[in-house]
Every structure is written in C-alpha cells, then in structure tokens.
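Before I ask anything, here is the structure I am working with.
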Amino acid sequence: MNASDNHNNETIISTKDLCVWYDDFQALIDVSMEIPEKSITALIGPSGCGKSTFLRTLNRMNDLIDCAKTTGNVYYRGQDIFQSSMEVSELRRHIGMVFQKPNPFPMSVYDNIAYGPRTHGIKSRAKLDDIVERSLRNAAIWEEVRDKLRQNALGLSGGQQQRLCIARALAVQPDVLLMDEPTSALDPISTTKIEELILQLKENYTIIIVTHNMQQALRISDGTAFFLLGDLIEYGSTDVIFSTPSDKRTEDYITGRFG
Amino acid sequence: MKTNQLPIRRRAYIATMKTIMWISALITCALIIGIIVYVFVKGIPFISWDLLSTSPTYIPHHIGILPDIMNTIYIVIASLVVMVPLGAGAAIYLEEYATNQKVVAVIEYAAETLSGIPSIIYGLVGMLFFCEFAGLRTSILAGALTLVIMNLPSIMRTTQESLKTVPQSYREGAFALGAGKWRVIRTVVLPGCVDGIITGCVLATGRILGESAALLFTAGFAHALNGFFQGLMSPGATLTVALYVYAKEQGEFGAAFAIAAILMVLTLGINSLAMWLENHFKKLREQGYPQEKSKE
Ligand SMILES: Nc1ncnc2c1ncn2[C@@H]1O[C@H](COP(=O)(O)OP(=O)(O)O)[C@@H](O)[C@H]1O
Ligand SMILES: [Mg+2]
C-alpha cells in the first residue's frame with residue numbers, strides 16, 4: 001500500500017509480505033507498505049495489533065527477542081535488511097529509535113549523546129563536543145542543558161529526558177527515526193514540545209511514529225497506517241484516513257468505537 | 001477486638017506463647033554474646049604485637065602468627081584473582097549470551113547443588129585433583145584453587161542477580177544506537193552490576209576466612225614465612241587452620257583463642273564492609289556511571 005499524498009517523495013523503507021511470529025503466535029500478517037522519505041508516518045491501532053513489532057522489525061531490534069521469527073522482506077533504500085551483507089550496526093545507525101519510556105543511560109548528558117558517535121569510532125574531543133551541541137540543538141534542548149552537560153541525565157525531567165533520547169538518536173546522523181509512543185509517558189506541555197520538535201525534524205529525517213493519540217496523528221503525520229490484529233487494514237494520507245476512510249473498521253477505530 | 005475481651009484460656013495461651021518466644025530469643029542472644037565475650041576474654045590477653053609480627057620457633061618455644069596472617073592474605077588474593085573473572089564471566093555468558101534456556105537452567109541447578117556440598121568433600125577432591133593430579137602438591141595455590149571451585153557458584157549467582165537488576169531499556173537504548181553486544185555489556189551492563197560482583201567478593205572473602213576443612217587437605221599446616229609467589233607454591237596454614245592446629249594438636253589454647261578473637265573481628269569487619277558497600281553502590285547507582293574517557 002502507498003500513502004498517495006507523498007508521491008513526490010521517494011520511498012525510503014518498504015516492506016513486502018512481512019510476517020512476524022512470536023513462537024506460534026503471528027503478530028504481523030503479510031504487511032506490505034511503502035514509506036516515503038522526509039515525511040511523518042503514523043502507525044495507529046488498538047494495543048497488541050503489532051505496531052511496536054512492525055517498528056522494531058524495521059531496524060532489526062526484534063532480533064533481540066529470541067522467540068521472534070520473521071519472513072518476507074524489508075528494504076531500506078532498496079537494500080534487503082535481512083541479507084547477510086547488511087551490517088545490523090550500520091542499519092541501526094541509519095534507522096534510529098526512540099522508546100516509549102525515556103531511557104537515558106545513567107551517565108552524564110554529554111556521555112549520553114556521545115555514546116552513539118563513540119560506538120561508531122569517533123574519539124576526538126573536539127568532534128564530540130561539536131556533535132553533542134549540534135544534536136542537543138536539533139532536539140531543542142540545548143538551552144535547557146547547556147550548563148548541565150556533566151550532570152547525570154537521570155536528573156532531568158521526563159520531557160527533557162525524552163528530548164535527550166531524541167538528541168542521542170540524532171547524534172549518529174540517522175536517516176529515519178522510529179518512535180514508539182514517544183509522548184505517552186509525558187505531560188501535555190512536554191508532549192506539545194516533542195510534537196513541535198518532530199514537525200521540525202521532518203525537514204531532514206523520515207519519521208515513523210506509533211501513537212495511541214488520534215489527535216496527535218492528525219496534528220503531525222502526513223501518512224497514517226491502521227493496524228488490526230497484525231493486519232495492515234488501511235494506509236493512506238492522514239487527511240483521507242481521518243475524513244473518508246475506506247474500511248469500516250478504520251472508521252470505527254478512529255471514531256473511538258473500539259480500541 | 002482487644003486482647004482482654006478474649007476468653008481467659010485464649011489469653012493464657014497467648015501469654016504462654018509470648019513468654020516462650022521471649023525466652024528463646026533471650027537464650028539465643030545470650031549464647032551469641034556469651035561466645036563472643038568468652039572468646040575475647042580468653043583471647044585478647046594473648047594478643048600482642050609480638051604475636052602478630054613474628055614467626056613461630058620451637059627452640060626457644062615461641063608462637064607468632066605472622067605467617068598465618070600472610071598465608072590468609074595470599075589465599076584470599078589468589079582465590080579472588082581466579083574466581084572473579086571466571087564467576088563473572090560465567091554469569092555474563094548465562095545472562096547475556098546463552099539462548100538455550102534449558103542449558104541455563106541446568107547450569108544454575110548444578111551451581112545451586114554445588115554450593116550445598118560439605119566443604120570437606122571439596123577438600124578431598126581438591127587434594128586428589130590439584131595436589132596429586134595437577135602436581136601442585138600441598139600448597140596455598142592448591143588450597144586457593146579448591147576454594148575457587150567452592151565459591152564459584154556463589155559469585156556466579158550474585159553476579160547473575162545483579163545483571164538482572166540492570167534495566168532492559170538500557171540495553172535496548174544502546175543496541176538501537178548500533179552498539180555491538182560486547183560494547184553494550186562493557187559500557188552499560190557491567191557498570192550497573194559491579195556492585196554485585198564486589199559484594200560477592202566480600203562475601204567470598206568472609207567464607208575463605210572461615211574455611212578450614214577444605215584447606216586441611218590441600219594447603220597444609222606449615223607456619224613458614226614466604227613472599228607471595230613462593231608462598232603460593234608452599235604449604236601453609238591460614239588463620240583458621242592455624243587455630244585448629246594450635247588448639248587440637250599443640251594444646252596452645254592461648255594462641256588459639258587469640259586467633260579466634262582476631263578472626264571474629266575480621267568477620268565483623270567484612271560483614272560491615274559488605275553492608276557499607278551495598279549502601280554506597282546504591283547511592284552511586286542513583287548518581288550514574290563514571291564517564292567514558294575521550295581523547296583531548
Ligand atoms: N516479546 C514478545 N513475546 C511474545 N509475544 C509478544 C512479544 N512482543 C509482543 N508480543 C505479542 O505480539 C502482539 C503485538 O505486540 P506489539 O507489537 O507490542 O503491539 P502494539 O505495539 O500494537 O501494542 C501482541 O499480541 C503481543 O502480546
Ligand atoms: Mg506498542
């Protein structure tokens with residue numbers, strides 16, 4: 001399926017007949033989807049429908065779950081990510097991830113941001129300083145933490161921690177950011193800040209965001225995909241999905257009749 | 001419902017039970033305090049700088065426990081040096097790498113079982129294996145290696161437990177940035193569980209101090225003063241073994257009680273250290289990990 005609204009942007013990630021099993025339980029059923037570059041794609045659907053599974057498959061974080069099995073294909077810029085020639089570490093550098101619960105490492109703000117670049121071999125202090133500042137600025141948190149770079153990141157507020165995690169993901173210069181309900185653990189003000197940030201990031205990054213908040217999907221996303229019990233039911237431009245969904249189940253879900 | 005509204009038989013029953021429990025607690029405390037006081041009263045008069053700082057001689061008859069103190073230190077160091085990498089390594093493997101949960105369960109069960117075996121059996125096996133088969137003869141090293149086998153399960157288990165306390169979200173965060181397994185373990189997991197390893201070491205030290213049966217077989221009774229490496233290859237009594245030798249074979253009860261008093265103080269010190277470390281690391285954990293170094 002294709003989000004028609006973004007036909008002018010090139011496809012950056014596409015999946016073909018993607019299935020994921022946890023032992024005998026099938027969590028994703030033949031999901032085929034094309035995600036356009038430099039856009040925001042929202043994944044919606046009731047809990048347990050496979051949104052997180054889909055997201056974690058895209059940067060192979062699902063490899064970490066022993067009982068998970070995957071069939072079908074995922075292409076990142078035309079390259080099959082399950083092929084043995086694909087370096088998982090490189091893939092994850094290009095496709096970053098922000099989690100539901102902010103998970104800064106119990107280190108200083110600086111070391112949190114520098115963690116990724118150091119992982120990929122950057123050691124020079126000057127370069128790291130530069131990356132740290134740039135990433136924090138890009139995540140709209142520089143002004144708040146510029147005097148606290150040496151303090152433990154766990155001392156920041158929840159909203160700040162989440163923006164720090166976004167900055168940490170940006171520090172390795174990814175193309176794509178996967179966000180799994182990044183605001184569901186935050187207060188409304190922090191949520192607004194992060195939504196504004198996501199809209200800014202769209203200029204340079206492709207964002208795929210899972211959200212339970214229909215308003216949020218409507219406010220920020222270009223394309224929306226509706227999942228139900230592991231099936232991709234409907235995928236199209238957000239305006240169309242929210243105004244004239246073609247599937248009855250989509251309509252029921254976005255009008256709050258279930259979920 | 002208040003007690004005085006209960007029937008009289010019930011009240012009498014409660015009162016009797018309370019008295020019995022109170023008396024049990026009293027007897028237990030009295031016994032413990034009694035033993036401590038008894039050992040100190042008998043032992044402290046014999047503790048002198050001369051006792052602590054010299055070697056024993058037969059002619060003239062003289063008792064000094066410096067070699068035993070040194071042997072104890074050597075055996076603790078040698079055991080820990082071998083035990084920590086092995087135990088922590090095994091724990092890291094089981095928690096972070098092993099995918100076959102059945103194998104993990106079997107190893108954990110084996111470790112549980114091993115830690116329940118009486119130490120004299122370790123002594124016997126250690127004697128046959130390290131002293132005879134491996135050719136180490138009766139030596140501090142053979143004793144230390146026997147203690148390693150004895151304490152390995154427990155240090156592995158404490159490390160495992162502390163690995164489990166490192167939140168999965170840290171690992172996920174690091175993996176998501178493209179870090180490899182070993183980097184994740186080294187930078188995110190291990191700093192979160194050093195406290196477990198160190199607490200495990202302190203507890204192991206306490207057990208090594210108290211061990212005698214296994215060492216009687218493997219490390220011997222000698223009281224010669226040696227340097228570290230020569231000491232490892234020579235037979236030697238630790239404080240606990242020396243206590244046995246002086247009391248049981250030479251009838252030197254003064255020296256035996258002096259050593260007992262010293263061991264009791266050491267044990268107390270080690271337990272306090274373990275407690276202090278636990279609190280210290282809890283605080284440290286709240287403050288975060290030490291920072292990585294970068295080149296200027
Ligand atoms: N690690 C796992 N092991 C077994 N089942 C899982 C695991 N993770 C998710 N599932 C199952 O897969 C389904 C989809 O989960 P998930 O992708 O987390 O859904 P969502 O993010 O849409 O709430 C759920 O039924 C869930 O129980
Ligand atoms: Mg989810």
Side-chain angles (χ1 to χ4, degrees), chain A residues 56 59-61 63-67 87-129 132 149-155 165 168-172 174 177-178 180, chain B residues 92-108 162-197 280-296:
Chain A
R56 283 200 310 264
N59 65 346
R60 291 187 49 183
M61 284 296 280
D63 290 10
L64 301 179
I65 299 171
D66 290 327
C67 68
E87 275 266 4
V88 182
S89 151
E90 272 302 292
L91 177 73
R92 292 187 186 143
R93 193 176 77 68
H94 289 296
I95 306 183
M97 190 161 216
V98 175
F99 298 82
Q100 177 167 4
K101 214 170 138 267
N103 61 345
F105 304 128
M107 311 167 181
S108 70
V109 171
Y110 186 99
D111 284 329
N112 263 279
I113 309 296
Y115 190 90
R118 279 172 173 151
T119 299
H120 296 284
I122 298 178
K123 293 226 165 64
S124 130
R125 186 57 190 259
K127 266 192 205 154
L128 286 174
D129 285 349
V132 168
L149 293 180
R150 292 286 156 209
Q151 286 176 27
N152 187 357
L154 297 183
C165 290
R168 185 175 70 184
L170 295 181
V172 292
L177 275 186
L178 308 175
D180 196 346
Chain B
I92 290 170
Y93 178 77
L94 289 183
E95 284 301 308
E96 307 290 328
Y97 285 95
T99 44
N100 188 335
Q101 287 310 308
K102 277 203 192 104
V103 174
V104 174
V106 168
I107 294 178
E108 284 177 358
S162 69
L163 284 170
K164 284 185 185 136
T165 64
V166 177
Q168 193 59 25
S169 67
Y170 293 174
R171 294 181 181 85
E172 284 183 343
F175 278 122
L177 289 167
K181 189 110 197 174
W182 175 236
R183 177 163 168 82
V184 174
I185 291 174
R186 191 168 51 79
T187 55
V188 180
V189 178
L190 279 184
C193 78
V194 196
D195 51 345
I197 298 177
H280 176 72
F281 282 118
K282 208 184 277 167
K283 261 185 236 147
L284 218 65
R285 196 186 282 255
E286 282 153 18
Q287 285 163 15
Y289 298 169
Q291 288 159 6
E292 278 186 78
K293 294 215 171 59
S294 38
K295 289 194 184 121
E296 292 301 322

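Letters go in sequence order (proteins before strands), and every chain restarts at 1. Just the heavy atoms: all of them, side chains too, but no hydrogens, waters or symmetry mates, feed the values below.
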Problem - Counterpart residues, side-chain contact (heavy atoms from CB on, under 4.5 Å), relative to A171(A) (two or more places apart) - result: I113(A), P117(A), I131(A), S135(A)
Practice task
Taking N103(A) for its side chain and S169(B) for its backbone only, find out whether a donor-acceptor pair lies under 3.5 Å.
Solution key: yes
Handout entry: Contact origin within H120(A) toward chain B - heavy atom pairs under 4.5 Å
Key = side chain
Completion exercise
With sequence neighbours left out, the residues meeting side-chain contact (heavy atoms from CB on, under 4.5 Å) with Q101(B) are V104(B)
Problem - Part of R168(A) within contact of chain B (heavy atom distance under 4.5 Å) - result: both
Fill in the blank from the handout: Most contact-rich option vs chain B, by heavy-atom pairs under 4.5 angstrom, among V172(A), N59(A), L64(A), is L64(A)
Practice task
Give a yes or no on whether the backbone of R150(A) and the side-chain of S108(A) come within a donor-acceptor separation of less than 3.5 Å.
Solution key: no
